[in-house]
Protein chains: 2
Amino acid sequence: MPSSNRRVTQQDIARMTGVSQTTVSIVLNERDDAAVRIAPETRERVLQAIRKTGYVADPIARRLADQRNRFLGVFTYEPVFPAGLGDFYHPFLVGIEECAERIGCDLLLFTSAPVVDGRRRIFHQDNRLRLADGCILLGRWLDPDELARLIAEGQPFVSVGRRDDAGGPVPYVGADYPTATVAQVRKAVELGHRRIAYVGEGAGAESHADRLRGFTTAVREAGITGVHVRFTEAADVMDQLREHGVTAIFVEEFADGAVLAEEAGRRALRVPDDLSLVALGDPTRPASTDLDFTGYRIPRREMGWQAVEVLSAILDGTGGETQRLLPCEPVAGATLAVANA
Amino acid sequence: MPSSNRRVTQQDIARMTGVSQTTVSIVLNERDDAAVRIAPETRERVLQAIRKTGYVADPIARRLADQRNRFLGVFTYEPVFPAGLGDFYHPFLVGIEECAERIGCDLLLFTSAPVVDGRRRIFHQDNRLRLADGCILLGRWLDPDELARLIAEGQPFVSVGRRDDAGGPVPYVGADYPTATVAQVRKAVELGHRRIAYVGEGAGAESHADRLRGFTTAVREAGITGVHVRFTEAADVMDQLREHGVTAIFVEEFADGAVLAEEAGRRALRVPDDLSLVALGDPTRPASTDLDFTGYRIPRREMGWQAVEVLSAILDGTGGETQRLLPCEPVAGATLAVANA
DNA sequence: ACCGCTTGCTAATGCGTATTAACGCCGTAA
DNA sequence: TTACGGCGTTAATACGCATTAGCAAGCGGT
């Protein structure tokens, strides 16, 4: 019952028991080496003092000695807890947290990263990434220059989502968009579609490029016609698609799919009877629709989980593949049907 | 370009620059005492080395020496990122993150706290709360023993949600349930209700007790009849309420309200024509209902924000009220109408 | 009596930072 | 010439813990 304000330290316990601080540390850590041992009665005396005072080792000092703080940083260009609902990032974080809990690490959210030109920056006046043992990077698009610098500086990190090389291979856990997209196109081909379209950027973020690549590959493989249309305005896009005689549309962004479906309705086109729609992934923006879209699901939670797993392996120096692609789960849905045009 | 795995230290910078570790520390902390000063050119040399290496002070060491590292801890008894949707805690975290970003602190999520007896514990073998400068505690119910210990040990923390004294006043930012509840009851009274009920625990968590207290106060004030029924099964509860001739029900839990509305429907009772329903706060569990409930909204985001504000004040030693109650915003809704019984 | 071995413990050190006291230098006043 | 004070920097230390090397005592064997 020390009324003093100061925390009880091993030194205090040592003095109370008439032993050295080292002894207290040894007893605490239950070390049973041949090299260092403590007589049972001494051990008991120390333990009693510990119990009496309610002593707990200071985690800060412990980690100083450890050379590891067991913090995993989480960096996102947007706020980690977005204000908007229908949150795309949430599942990743669920996986990240679950795995972090499992391996006994705390998560450090870099909320203090200053916002420049409308988004956070990794590198800035005082880059706090180093505060953690390693970091998870989250975002549809990561600045290649910043990635390159991370690699050059040898900072342990893992990206959620595949990334192109940036002056070296980038450790990542991504979704296998090409394979998943190819599967969707094949399904459409089997249903008789011969003129299909990819609607979206198809470039910029790796996840977009990967989808388009899968689309293009499958189109060539099947020997059918595939057009690529950037999304601008629903009416314009739909005009173009109709001109090309497209019967199935593959949308990069779920939300764009919802908008196109609406436009189709306006033109008295039934989905999927007159026009098929396939959503290449989950909504990244809120989208309102009653349709049960055909497409695939990004294994977000699993990606988060495995990203932490890979990071952990990197930190432990355990070998292992540092680039992983996870399969997307197909969703049957109700917007893809037999071609009819 | 140090390819070594070790993190860069002040000592490294010092060696690179040909100065002492002390000098580096001084430059870093921008100390401008009369007692200790550094020539501008030396300072510049050091700063360049720091920039080149991307050095950041080890937060652990800093905290050991300095007692501060600009981390704010966030402790929750449940996972911070819950798997379920319709997440009750999310808005609190949005506010917490926003304010943390504002004051330039990073957030440390204590995901590593081990689960004992089905929930996380603050105190255990190595309590990591101290790793942060201060902590935000989140949860419907916080163990009073753990709170008492936090207070006794003088750990800086703030609870989101009002808490009873635990061996001393608990710093908190809570919602003013009593006032908000009184207002709802008064509204019902004005509409002619004379026999009303409170459905819920009304005890245990402070937030429950506060609601019931408001209810009781208002009932007494109005000189009407108020009964308290614990929620068990919808049918049972409804039976009891009908026996008492209740015309307006105040539910502690939104979800229970939804269930009761359903039960009412089963008995051909129209809401609100035959029976009024008031929800005392937002859903804490997912609830499916088409009803636009009358009641009030808990200022969750604002509570999170202000909790960080209070914590920051505590850490700075700035005075100020450490117990705040925020008003709840009334929601007109469509489930409270003129009494009819 | 000496060596060698075991047992039980401690002194010393390092981890990375912040702080304090002090040191050497230079110029100026006494 | 000496004393002195401002300037720029550093050596030393503390923080609380873990770890390593090593010390002292006891004991059996030659």
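- The base of C:dA18 has none of its N or O atoms less than 3.5 Å from a complementary donor or acceptor on the side chain of B:Gln10.
- No contact: A:Val24 has no heavy atom under 4.0 Å from any strand.
- A donor-acceptor pair shorter than 3.5 Å cannot be found between the side chains of B:Gln11 and B:Gln21.
- Within the nucleic acid shown, A:Asp66 has no heavy atom closer than 4.0 Å to any nucleic acid atom.
- In the set D:dT9, C:dG16, D:dC17, the nucleotide with an atom closest to the side chain of A:Ala61 is D:dC17.
- A:Arg31 comes within contact range of at least one nucleobase, with a heavy-atom separation under 4.0 Å.
- In this model, a side-chain donor or acceptor of A:Thr22 finds a partner on the base of C:dA11 within 3.5 Å.
- Residue-level contact check: B:Arg62 touches the backbone only, with heavy atoms under 4.0 Å from sugar-phosphate atoms and none from bases.
- In the set D:dC7, C:dC9, D:dT9, the nucleotide with an atom closest to the side chain of A:Ile38 is C:dC9.
- Residue A:Gln67 places at least one side-chain N or O under 4.0 Å from the OP1 or OP2 atom of C:dG16.
- Phosphate proximity of D:dC15 to A:Thr9: absent, as no side-chain N or O sits under 4.0 Å from OP1 or OP2.
- Look at A:Tyr55 and you'll find a side-chain N or O under 4.0 angstrom from OP1 or OP2 of D:dC17.
- Counting any heavy atom pair closer than 4.0 Å across all strands shown, B:Ser25 reaches a base atom.
- With hydrogens and angles ignored, a donor-acceptor pair under 3.5 angstrom links the side chain of B:Gln21 to the base of C:dA18.
- Here the nucleotide nearest the side chain of A:Val36, chosen from D:dA21, C:dT17, D:dA18, is D:dA21.
- Taking only side-chain nitrogens and oxygens, B:Thr42 never comes nearer than 4.0 Å to OP1 or OP2 of D:dG8.
- Residues B:Ile26 and B:Leu64 both approach DNA chain C. Their nearest nucleotides, taken by heavy-atom distance, put B:Leu64 toward the 5′ side.
- In this structure, CG of B:Asp133 is placed 15 Å from C1' of C:dT17, rounded to the nearest angstrom.
- Here the shortest heavy-atom pairing between B:Leu72 and B:Cys105 reads CG-CB, 3.9 Å.
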